[in-house]
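Below is one structure; the comments refer to it alone.
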Amino acid sequence: MTMHIEVNGAPVYCYTGGKAFDAAKPTVVFIHGVLNDHSVWALQTRYMANHGWNVLAIDLPGHCRSGGNAPATVEEGADFIGAMLDAAGVQRAALVGHSWGSLIAMEAAARLGERISHLVLVGTAFPMKVSPALIEASAADPEKAMRMVNVFSRSTLAAPPSALGPGTWVFGAGMALGRKVLRSNPAVNVFQRGFIACDSYANGEAAMAQIACPVLFALGAHDQMTPPKAAQGLIKAARAAGKKVEVVHLPVGHNQMTEAPEETLAALRDFLAR
Amino acid sequence: MPGYSDPGFDTLALHAGAAPDPATGARAVPIHLTTSFVFESSDHAAALFNLERGGHVYSRISNPTNAVLEQRVAALEGGVGAIATASGQAALHLAIATLMGAGSHIVASTALYGGSQNLLHYTLSRFGIETTFVKPGDIDAWRAAVRPHTKLFFGETVGNPGLDVLDIPTVSAIAHEAGVPLLVDSTLTSPWLIRPFEHGADLVYHSATKFLSGHGTVVGGIVVDGGSFDWDGPKSAGKFAELTQPYDGFHNMVFAEESTVGAFLLRARREGLRDFGACMSPHTAWLILQGIETLPLRMERHVRNTERVVEFLAAQPFVSRVGHPLLASHPSHALAQKLLPRGAGSVFSFDLKGHREQGKKFIETLKVFSHLANVGDCRSLVIHPASTTHFRMSDEALAGAGITQGTIRLSIGLEDADDLIDDLKRALKAAEKAGA
């Protein structure tokens, strides 16, 4: 079951976890990372939708099922989230973001203030620097760059039952999804655009200081894309600004939602219940 | 396993999908011989049934041992996931039944295993699914056979037993132009010889009974999804309602929205395994895993022994034809060099000069080769296809598959090549003498 919302004149796809939107329920928005889409949250969204929440797992503009221009900066992504909530008629929501999506969620939370009830940053870092070689490869040789990203994201060759059920080869699923997302936008290389947006984002600590809600950092203990140490600055900034901060270390790399679906769900569920 | 490079094929053959058992420390894959798995709570049970959480419920649908096999074969093929089935035929049926129903149409190669040809030609037509057969090398025929209700292209990487190599890049391009996926049976090649997804195929299946298992001990199958096909893309729009429209039979799920790259696998497991029930025993999965651990070593030896035997047979005056793409005379020689640089497999056919009784004498004289209906065993095997594996086929269909009444099929095993050649030499002599 899905919602299609028009935002800034373009259709936006929201996966709702198999449940119709119900204005009486609280809403949680899931924001994917570079070269991903809503489906990476399969084993978190469907559960939340069946346990009291409206779920809006979006395809970012210019990605897969959503039209519009793919965000070129984190700030553009944050503007989109605000516009999307307005278009959906959602006054208050929790934001959950992964990787690039975590930066978009954080910046959006800073801009939207009290409209955001919870902020969950999965696999985050600030600054989220991307190596020049990888940025270049994402345009010159996307297949090679995708392979690099998926190798660095992986923490195991034996994932538990994952997004496609038991028998999912998470590495292959990551490669196939990357190819599909890239192919979905013939006008723009969303791979390189997303990486540049991560790399150039400079407002992290300032954004964190403005956030008005509790923050959960869900970090992969073995994450090589966004290592836990790269989130420490943000965690310190949040604590220094007096935010309510929780930090969970998941036994996984950068594929938190697909290689540790149960642990990621538990962290999310418990945090959102508070 | 973080690292700077992707594990190679041999490493994946040993490690993909498996880790030391967290409960016991067991290093080898445990055999989970259990029908069912205890729920943590009522909520956990409901969440598993509704695909809200990942896990196992009942071994017809999934099992931890089978899941290791599924991940491993998906890794070796470069797919997104796999489903283990009771046999290769069950894998083929699961693939077809997931994608279509009555009124649908398949375009298939004529060079198929007899059982597959039978399923398509006789059995599925009884259920309203029609198939048009085309010679695998006749590219125009693939294109011309497409109908409005065509849902699938299907062929074997190398046809059984003539070894016609399927031009996967070209045939898949025609399939995609028609908005349908290409399903490939890679049983005779295994992922060690070719990874069909890299050439454009969308779905791959194996009779795991053969090279994946490799020891002639178990019957099993597996179907792998490459995750590449756009089920609701511009060219396929409206063709695959099974994956793109709400399914009343499973929580009104729209599989293509649940998973951008695994819609086929979701429906195949949640409908096909659930309703048709052709699942694999965990013990079988374990035995196939044992086989896969040595797949690279075995395939290398199969191919090397085959080269020796083909070279020998091609030099024998009593042999009128050797049907292996190693030889420049084979119609697929050039294509095999391009798509199968490691070799075109170790199952092939040849024709004896002489009559049927001489063929019988040849087979009955062999001592190292076993006369039986299987291929891909570590032991060398021999059979007469026209009277056994392909006996239900008409002469026309046999000719389409490259089989005559005098064709003999060999599956070259892992014995000493010299012993195989000696065995063949004795049998050829006896057969020749029988015609005197």
Side-chain angles (χ1 to χ4, degrees), chain A residues 1-2 13 15-18 36-40 42-51 59 64-65 147-148 150-181 183-184 222-224 253-254 258 261-262 265, chain B residues 1-7 11-12 15-19 43 46-47 50-56 61-64 66-75 77-84 197 224-228 230 232 246 251-254 257-263 265-266 269-270:
Chain A
M1 196 166 286
T2 56
Y13 173 89
Y15 170 76
T16 61
N36 281 181
D37 74 354
H38 71 279
S39 65
V40 295
L43 288 178
Q44 290 79 39
T45 47
R46 200 168 171 83
Y47 180 91
M48 296 308 297
N50 282 276
H51 288 78
D59 285 0
C64 276
R65 294 169 183 265
R147 193 162 286 278
M148 290 163 73
N150 278 284
V151 167
F152 282 123
S153 296
R154 169 166 64 192
S155 63
T156 178
L157 293 178
S162 192
L164 310 179
T168 304
W169 177 241
V170 172
F171 181 86
M175 291 294 293
L177 181 59
R179 292 184 192 115
K180 256 191 184 169
V181 176
R183 209 165 57 223
S184 73
H222 313 298
D223 192 340
Q224 295 187 104
H254 200 55
T258 49
E262 288 283 277
L265 172 62
Chain B
M1 185 177 281
Y4 292 95
S5 61
D6 197 28
T11 304
L12 292 174
H15 292 283
D43 184 67
N50 192 30
L51 285 197
E52 297 163 25
R53 294 173 63 176
H56 303 285
I61 312 298
S62 70
N63 174 281
N66 294 28
V68 175
L69 172 65
E70 290 160 348
Q71 285 195 42
R72 189 162 300 177
V73 176
E77 288 288 7
V80 303
I83 295 179
F197 296 140
V224 191
D225 186 350
S228 56
D230 285 324
D232 50 2
H251 310 288
N252 280 313
M253 188 172 268
V254 180
E257 293 189 349
E258 289 293 322
S259 175
T260 305
V261 296
L265 288 176
L266 280 180
R269 190 180 295 280
R270 297 297 157 181

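Below, chains carry the letters A, B, ... as their sequence lines are ordered, and counting in each starts from 1.
- Only the side chain of A/Leu265 comes within contact range of chain B, with heavy atoms under 4.5 Å apart.
- Here A/His38 contributes atom NE2 and B/Glu258 contributes atom CD; the two are 7.5 Å apart, rounded to the nearest 0.5 Å.
- For B/Asp43, the part sitting under 4.5 Å from any heavy atom of chain A is the side chain, from C-beta outward, and nothing else.
- Shortest non-hydrogen contact noted between A/Cys64 and B/Thr260 is SG-CG2, 4.3 Å.
- In terms of heavy-atom pairs under 4.5 angstrom with chain A, the leader among B/His251, B/Gln71, B/Glu70 is B/Gln71.
- Most heavy-atom pairs under 4.5 Å with chain B: of the set A/Pro160, A/Ala159, A/Gly174, this distinction falls to A/Ala159.
- Minimum heavy-atom separation, B/Pro7 to A/Leu157: CG-CD2, 4.0 Å.
- Per-residue counts of heavy-atom pairs under 4.5 Å with chain A were compared for B/Ser259, B/Gly79, B/Ala19; the largest is that of B/Gly79.
- Counting all heavy atoms, side chain and backbone alike, B/Val80 lies closest to A/Ala176 at CG1-CB, 3.5 Å.
- Here the OG1 atom belonging to A/Thr156 is positioned 11.5 Å from the NE2 atom belonging to B/His15, to the nearest 0.5 angstrom.
- The candidate from A/Ala42, A/Gly253, A/Pro261, A/Pro166 with the greatest count of non-hydrogen atom pairs under 4.5 Å with chain B is A/Pro166.
- Residue A/Arg179 does not touch chain B at all, counting heavy-atom pairs closer than 4.5 Å.
- Nearest heavy atom pair, residue A/Tyr15 against residue B/Glu257, reads CD1-O, 4.3 Å.
- Heavy-atom distances place both the backbone and the side chain of B/Ala16 under 4.5 Å from chain A.
- The part of B/Arg269 that comes within reach of chain A is its side chain, from C-beta onward, which places non-hydrogen atoms under 4.5 angstrom from that chain.
- Ranked by heavy-atom pairs under 4.5 Å with chain B, the first of A/Glu262, A/Met148, A/Gln44 is A/Glu262.
- Between chain A and the residues B/Ala75, B/Pro64, B/Ala46, the largest count of heavy-atom pairs under 4.5 Å involves B/Ala75.
- Between B/Asn50 and A/Arg46, the closest heavy-atom pair is O-NE, 2.6 Å.
- If you measure heavy-atom distances from B/Ser228 to chain A, the contacts under 4.5 Å come from the backbone alone.
- When each of B/Ala84, B/Pro246, B/Gly262 is checked for heavy-atom pairs under 4.5 Å with chain A, B/Gly262 comes out on top.
- Proximity to chain A involves both the backbone and the side chain of B/Leu51, based on heavy atoms less than 4.5 angstrom apart.
- Shown here for B/Gly55 and A/Pro161, the closest heavy-atom pair between the two residues is N-CB, 3.5 Å.
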| message | Test side-chain contact (heavy atoms from CB on, under 4.5 Å) on A/Phe171 and B/Leu12; report intermediate values, then the result. | response | CA-CA 12 Å; A/Phe171 181 86; B/Leu12 292 174; over 6 Å; no
